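On a predicted model such as this, the values are computed, not experimentally measured, just so you know. Chain letters run A, B, ... following the sequence lines, proteins first and then strands; every chain starts at 1.
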There are 2 protein chains.
Amino acid sequence: MGTDFDNGITDLNLEDIARLSGVSRSTVSRVVNHHPNVSEITRRKVLEIIERYNFKPHPAARALASQRANIIGILIPHIVSDLFTDPFFSILLQGITTAANSVNYSPILWLTSANVDESAFYDQVFNDRLADGMIVASATVNASFIKRLDQRGKPYIIIGRPFTAYEQSSYVDSENEQGARMMVEHLIKQGRRRIGMITGRSGLTSSHDRLQGYISALQHADIPIDMRLITPAGDYSDASGYTGMKLLLHHRIDAVFAANDVMAASAMRAIKEAGLRIPEDIAIGGFDDMGISRTTEPQLTTVQQPITQLGDYAVRGLIDLLEGRVEPPFQQMLPVKLIVRQST
Amino acid sequence: MGTDFDNGITDLNLEDIARLSGVSRSTVSRVVNHHPNVSEITRRKVLEIIERYNFKPHPAARALASQRANIIGILIPHIVSDLFTDPFFSILLQGITTAANSVNYSPILWLTSANVDESAFYDQVFNDRLADGMIVASATVNASFIKRLDQRGKPYIIIGRPFTAYEQSSYVDSENEQGARMMVEHLIKQGRRRIGMITGRSGLTSSHDRLQGYISALQHADIPIDMRLITPAGDYSDASGYTGMKLLLHHRIDAVFAANDVMAASAMRAIKEAGLRIPEDIAIGGFDDMGISRTTEPQLTTVQQPITQLGDYAVRGLIDLLEGRVEPPFQQMLPVKLIVRQST
DNA sequence: AAATATTGTGGGAGCGCTCCCAAACTTGTT
DNA sequence: AACAAGTTTGGGAGCGCTCCCACAATATTT
């Protein structure tokens, strides 16, 4: 035998492996696919040859024969233009791809782009025949979108509860409302009463739910809602956190809840520039618990959201749907956790 | 005929389309693949049927028969953990996927992850049989990596000139050195003499080249290099820009060049906190020209790098290699541009 | 020991394309 | 009118798997 085929790609196929190990194509196939009815002895024999030649079944052939490509589509909207400084989608993407790889699925990526015709783009997405299923970031989702997704006839999971038709669709989401509420209750427990909120991008359920949590916490504490303390134009970006905070500073607040850490960090800058102390004059809480929350001065109290796990559950859920182990809708809410640091 | 097959996926195949349009499988195949030898009249006839039924050839079948899957792999290292606040990779990713889609290729994504065994991960990457070619972010690249890439026997393109073996490998890169030099020459022209530099993450050619440009500009102006004015620990992150600037402030500089916009923005914060004015006391320049550079106060002078085009050229180059239209190494340097705003 | 159930193995057909070759039809040339 | 050369079309083989069914080998029951 040769010596250094160890690393390169061998162009052997099932048939070759079968011949080399003295069995039939079918048996090799069974071994490769972990089918039960193979005797231990032949299994070993075949596996040895497979190892030796570093044989990997041809994915296209497999996909053609089985009508499953082991590919999942990931659709994420305008990742760049809008959510510039927010690493949420990067982390999510990483979570999804890692989870997919761990179960031998390949992720193919669809990112909308400003300078590309949207309708042509979505035609491409929905006509795709490669992906067995899709994971969709909810920001893209509206009623007609869900309809097309359904028409496609393949399973999908939405990351983030959609506004539309969410009773029937499959999604994975964090307990945004509960998290926000926990944060605001924490602020109240610290004796804060005039609590502002810097909201997230409108049109996203995460923003809606976090605002809802803020409102509900105040209501339960019998603190009247003051609309002037809710910034209308937050959008999860660094810039909007800064300007949002500037506005709130006109209303002598003693605490603020920012709908994500990025905005909280820039709000902290605004607070400091106004000559106020954190947390003595103004306490501040964020949401996400990403890297930044530990690098701010003082460190940021925040709500930890399991972004990576969001991807994880989405992948597992999708594959469960794919393999018929579970019936849609598959819906999963992941718990969040209050992380108290120095900013409150 | 039915009425609403307009949008759903039809499960017709070439054979069906052939029957419906009264020609043979082969002819339909020719039409689909834009082969020349089809008479105008049959082409039209077939196209009409294809449109009507929204027929798309089955990618797996096509891949199996042609041994080309129209898939490109994208490999990006530790996007999250390290380059947290730097949207460079997000924009790049968007550029690549958009370019790929426009030529009917699907991008599959490989992201390294901290909590996954690296060697297993790379085994997966290199044993992948799906992708026809790969686009690799240079941060991952070392000699043994390139060797395995070569062994794979499929074309690849590195984004960002690698340190190793770059004479033989295919890459696309920006004129980092030239850009840095333009920036520093600009600062010198403004009368600045004590110019600091906040460097990028070590181990990347972009960091190296930008530092090189800084040095060469100073040398050409006969300004001695003062090692104390070069921060050793920059890494393109927000935090490192801030702390780097704090250090430089001990050395009464009158200008600073940050190796990217993210660090420039946080350096500006440090400058302001020290009570100094921009650009009167300290002029500052960045690199990249991403969204941030327009939201800083004052707006940031920077070097515009064509990130999206980087992805574009990488995809086109890869496909040229794939289709044998060009011989490796394919190497392309993209021009950069000095954008003067208010910070200098 | 024979009959039956269980487990293990091989071969054929088929997934939906591409690509080659041969046949049929055009067109042009002498 | 006969032939060469070019253009257009159809059919077969094959890409490398999966999956079903039939058969062989072994284990279990009576």
Side-chain angles (χ1 to χ4, degrees), chain A residues 9-47 49-50 53-71 104 106 127-130 132 322-324, chain B residues 9-47 49-50 53-71 104 106 127-130 132 322-324:
Chain A
I9 278 186
T10 61
D11 271 338
L12 301 180
N13 57 27
L14 266 195
E15 198 81 51
D16 298 325
I17 299 298
R19 196 173 328 106
L20 286 164
S21 39
V23 298
S24 76
R25 198 168 22 95
S26 304
T27 299
V28 179
S29 172
R30 280 184 208 104
V31 171
V32 169
N33 295 294
H34 306 103
H35 279 272
N37 290 348
V38 182
S39 76
E40 201 44 39
I41 178 154
T42 53
R43 177 187 307 282
R44 265 199 243 287
K45 196 169 54 181
V46 172
L47 277 178
I49 303 289
I50 288 178
Y53 292 91
N54 189 28
F55 165 75
K56 308 283 173 203
H58 195 299
R62 183 175 247 189
L64 180 59
S66 67
Q67 299 294 1
R68 302 258 271 53
N70 276 32
I71 289 179
N104 280 305
S106 298
N127 282 320
D128 172 78
R129 301 249 259 144
L130 210 46
D132 302 321
L322 230 37
E323 311 201 326
Chain B
I9 278 185
T10 61
D11 270 338
L12 301 180
N13 58 27
L14 265 194
E15 199 81 51
D16 298 324
I17 299 297
R19 196 171 331 105
L20 286 164
S21 40
V23 298
S24 77
R25 199 169 20 96
S26 304
T27 300
V28 179
S29 172
R30 280 182 207 107
V31 171
V32 169
N33 294 295
H34 307 104
H35 278 271
N37 289 348
V38 183
S39 75
E40 200 45 36
I41 177 154
T42 54
R43 176 187 307 282
R44 264 199 244 285
K45 196 169 53 181
V46 172
L47 277 178
I49 302 289
I50 288 179
Y53 293 91
N54 190 27
F55 166 75
K56 309 283 174 203
H58 194 299
R62 184 177 247 185
L64 180 58
S66 67
Q67 299 294 2
R68 302 259 270 51
N70 275 34
I71 288 179
N104 280 306
S106 297
N127 282 320
D128 171 78
R129 299 248 258 142
L130 211 45
D132 302 321
L322 231 37
E323 311 201 327

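Heavy atoms only, all atoms of each residue included: Asn70(A) and Asn104(A) are closest at ND2-O, 3.3 Å. The two residues Arg129(B) and Leu12(A) have their closest heavy-atom pair at NH2-O, 3.9 Å. Heavy atoms only, all atoms of each residue included: Asp128(B) and Leu130(B) are closest at OD2-N, 3.2 Å. The shortest non-hydrogen separation linking Ala18(B) to Ser24(B) is CB-C, 3.5 Å.
The nearest whole Å value for the distance from the CZ atom in Arg62(A) to the C1' atom in dG16(C) is 19 Å. Taking atom CG on Leu64(A) and atom C1' on dG16(C), their separation rounds to 5 Å, with Å as the unit. A straight line from CZ of Arg19(A) to C1' of dG16(D) spans 13 Å, rounded to a whole angstrom. Remark: P of dG14(D) and CG of Leu14(B) are 19 Å apart, rounded to the nearest angstrom. For the pair Arg30(A) CZ and dT18(D) C1', the computed distance is 11 Å after rounding to whole Å. Distance CD1 (Ile50(A)) to P (dC17(D)): 10 Å, rounded to an integer number of Å. Asn33(A) places its CG atom 13 Å from the C1' atom of dG16(D), with the value rounded to the nearest Å. dC17(C) atom P lies 17 Å from atom CZ of Arg68(B), rounded to whole Å.
Put simply, the side chain of Arg25(B) and the base of dG12(D) share a donor and an acceptor less than 3.5 Å apart. If you check distances only, the side chain of Arg129(A) never reaches the base of dG16(C) with a donor-acceptor pair under 3.5 Å. Residue Ser26(B) places a side-chain atom within donor-acceptor reach of the base of dG11(D), judged by atom type and a 3.5 Å distance cut-off alone. Donor-acceptor pairing under 3.5 Å, judged by distance alone, is absent between the side chain of Ser24(A) and the base of dG11(C).
Ranking dG10(C), dG16(C), dG16(D) by closeness to the Ala65(B) side chain, first place goes to dG16(C). Nearest to the side-chain atoms of Ser29(A) among the listed nucleotides dC15(D), dC17(C), dT18(D) stands dT18(D).
In this model, the phosphate group of dT9(C) is approached by a side-chain N or O of Thr42(A) to a distance below 4.0 Å at OP1 or OP2. Between Asn13(A) and dC15(D) there is no side-chain polar atom (N or O) within less than 4.0 angstrom of OP1 or OP2. Side-chain nitrogen and oxygen atoms of Gln67(B) include at least one within less than 4.0 Å of the OP1 or OP2 phosphate oxygen of dG16(D). Remark: Thr27(B) is not in phosphate contact with dT9(D), judged by side-chain N or O atoms under 4.0 Å from OP1 or OP2.
Glu15(B) comes within 4.0 angstrom of no nucleic acid atom, judged by non-hydrogen atoms across all strands. Among the atoms of the strands shown, none is found under 4.0 Å from any heavy atom of Val32(A).
Contacts with DNA chain D (heavy atom under 4.0 Å) in residues 34-41 of chain B: Asn37(B), Val38(B), Ser39(B), listed by number.
In this structure, Asp132(B) contributes its side chain and Leu322(B) its backbone to no donor-acceptor pair below 3.5 Å. Using a distance-only test at 3.5 Å, with no hydrogens or angles considered, a donor-acceptor pair links the side chain of Asp16(A) to the main chain of Asn13(A).
No side-chain N or O of Ser26(A) forms a donor-acceptor pair with one of Ser29(A) less than 3.5 Å apart.
Each of Arg43(B) and Ser66(A) lies near DNA chain D, and the nucleotide nearest Arg43(B) is the one positioned closer to the 5' end.
A side chain to side chain contact (heavy atoms under 4.5 Å, CB included) with Phe55(B) holds for exactly one of Ile49(B), Val32(B), Val46(B); it is Val32(B).
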